[in-house]
Amino acid sequence: MTTLNFAKGHGTRNDFVIVLDREGILPVGPDVVRFLCDRRAGIGGDGLLRAVRASHMPEWSGRPDVWFMDYRNADGSLAEMCGNGLRVFVRFLLEEGLVDQTPIQIATRAGLMEAWPLDGGLIRISLGHAEVAETPTWVRHAGIEYPATTVDVGNPHAVVELADLDALRALDLGVAPIFDPQIYPQGVNVEFYVARGDRDLQMRVHERGVGETESCGTGIVAVAAAQAAHAGFRGGVDVHVPGGDLRVDLAEDGVFLTGPAVVVAHGTVVLP
Ligand SMILES: N[C@@H](CCC[C@H](N)C(=O)O)C(=O)O
């Protein structure tokens with residue numbers, strides 16, 4: 001019988017199974033990830049966060065003395081970055097006494113990120129630079145073709161602006177949006193948003209490798225960056241998602257995301 005110790009956490013209800021694997025030796029291939037993230041047969045989560053010492057990740061060539069966030073989607077696929085996951089990952093490391101200095105540096109497939117624990121259960125993270133593409137693309141959903149903006153936040157996003165909140169509420173994101181596979185050969189996260197004000201956005205998301213989730217940190221940064229590029233500003237943007245409220249800062253030196261992160265359970269699971 002193979003057992004695994006796990007924790008469970010979420011950031012604005014984007015939820016994750018977390019495993020500590022200092023030496024990168026645990027058997028967490030795609031089948032095990034799908035099992036752990038299964039809400040009926042497993043623990044349940046939108047993704048898995050595996051904490052590995054960076055020196056044990058062959059794909060990492062940066063600082064060896066930090067933790068690497070190995071993120072997997074619920075369908076077992078790899079993703080480069082996860083904004084809510086990064087805050088939950090940091091919360092887990094803090095609670096386990098595995099990090100102390102601030103800013104906390106975390107290695108990811110999208111590079112070295114930093115995190116600052118704040119009062120009120122919040123964590124601020126850096127997410128590098130959000131690159132807004134100039135060439136427009138499209139997204140089709142429920143028979144409608146929408147103009148979309150591509151934003152790279154380490155992982156790929158297609159951002160669609162809708163006219164009003166009724167249109168946002170009416171979307172059936174149980175159905176996956178269709179996108180241009182030439183633009184997104186590795187798939188894409190699709191965000192729909194409404195600007196309640198220039199710096200006050202409401203968003204829903206269909207995540208690559210997961211489906212509709214209640215929040216997506218990189219998606220939140222993507223809609224803020226797309227809105228800022230269209231309206232021509234920098235600075236703070238509030239983004240509301242079904243799972244809660246987050247703050248994006250679009251600064252000269254990169255993008256930052258602030259929001260809550262909690263660990264809610266610890267346990268042991270028997271692997272099939
Ligand atoms: N929920 C995440 C994003 C997770 C990865 C994404 N599904 C992808 O495949 O790129 C977030 O909070 O950013």
Side-chain angles (χ1 to χ4, degrees), residues 8-18 30 33-34 36-37 39 44-50 68-92 106 108-111 113 115 122-131 139 148 150-159 173 176-177 179 181 183-193 201 203-226 237 239-248 254-263:
K8 172 82 196 278
H10 76 96
T12 52
R13 299 174 62 87
N14 193 193
D15 63 338
F16 309 96
V17 177
I18 310 154
V33 174
R34 282 191 285 273
L36 292 172
C37 292
R39 297 189 185 281
D46 295 326
L48 175 88
L49 303 169
R50 186 170 69 114
F68 186 97
M69 179 181 79
D70 177 17
Y71 173 80
R72 317 287 179 89
N73 285 316
D75 72 351
S77 59
L78 291 183
E80 304 84 344
M81 177 41 72
C82 178
N84 289 325
L86 182 55
R87 299 195 320 281
V88 172
F89 188 83
V90 167
R91 173 71 65 219
F92 171 77
I106 305 291
T108 73
R109 293 191 175 87
M113 303 302 168
L122 300 175
I123 295 184
R124 174 180 166 92
I125 55 168
S126 68
L127 283 168
H129 289 269
E131 306 291 348
V139 163
T150 298
V151 186
D152 184 338
V153 189
N155 58 349
H157 296 268
V159 172
L173 292 183
F179 52 84
I183 304 274
Y184 308 113
Q186 312 296 328
V188 70
N189 303 286
V190 180
E191 288 83 24
F192 294 89
Y193 82 98
L201 314 179
M203 179 193 110
R204 287 178 64 193
V205 59
H206 187 279
E207 281 195 44
R208 176 177 70 166
V210 193
E212 181 171 20
T213 61
E214 292 196 34
S215 180
C216 172
T218 49
I220 284 161
V221 168
V223 297
V237 183
V239 184
H240 313 281
V241 289
D245 304 316
L246 294 102
R247 173 88 175 174
V248 178
V255 293
F256 299 84
L257 176 68
T258 304
V262 286
V263 172

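FYI, the numbering just counts along the sequence from 1. Note that ligands are numbered from 1 as they come in the structure, with each ligand's atoms numbered from 1 the same way.
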From Arg204 CZ over to Glu212 CD, what is the distance, rounded to the nearest 0.5 angstrom?
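That separation rounds to 4.0 Å.
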
Contacts of type side-chain contact (heavy atoms from CB on, under 4.5 Å), residue Phe192, not counting sequence neighbours:
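For Phe192, the residues satisfying side-chain contact (heavy atoms from CB on, under 4.5 Å) (neighbours in sequence not counted) are Val139, His141, Tyr146, Val160, Leu162, Leu168, Leu171, Leu173, Pro177, Val190.
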
Side-chain ([X]) to main-chain ([Y]) donor-acceptor, under 3.5 angstrom:
X: Asn14; Y: Gly217; answer: no
X: Arg34; Y: Asp75; answer: yes
X: Ser126; Y: Gly128; answer: no
X: Asn189; Y: Ala158; answer: no

Under a strict 4.0 Å criterion on non-hydrogen atoms, which protein residues are in contact with ligand 1?
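Within the 4.0 Å shell of ligand 1, which is judged on heavy atoms, sit Asn14, Tyr71, Asn73, Ala79, Met81, Cys82, Gly83, Asn84, Asn155, Asn189, Glu207, Arg208, Cys216, Gly217, Thr218.
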
